[in-house]
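Counting starts at 1 for both ligands and their atoms, following the listed order. Every value quoted in this text rests on a predicted model; they were computed, and no experiment measured them.
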Amino acid sequence: MAQLVRGEWQDSLAREGLAPVTAAPTGPGEEPPCPACGSTGALADGACPDCGLQLA
Ligand SMILES: [Zn+2]
């Protein structure tokens, strides 16, 4: 039964033009915004270029 329910859910999404969301809405190559200051600039040595928060 679980399989049937999951299939119906996917059919519903397909009818509405929605794909299952499995990841953050950032594409490959895009930097996620800094959680502290919201900067989307490229990381500098793994740290936010604006506030210096270590992100990587
Ligand atoms: Zn920052």
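- When all heavy atoms of Pro33 and Gly38 are compared, the closest pair comes out as CB-O, 3.8 Å.
- When the side-chain contact (heavy atoms from CB on, under 4.5 Å) test is applied to Ala36, the partners found at least two apart in sequence or on another chain are Cys34, Cys51, Leu53.
- Formation of a donor-acceptor pair under 3.5 Å by the Gln54 side chain with backbone atoms of Cys48 is not found in this model.
- Atom CG of Asp50 sits about 8.5 Å away from atom OG1 of Thr40, to the nearest 0.5 Å.
- At a cut-off of 2.8 Å, measuring from the Zn ion (ligand 1), the protein N, O or S atoms that fall short of it are Cys34 SG, Cys37 SG, Cys48 SG, Cys51 SG, waters left aside.
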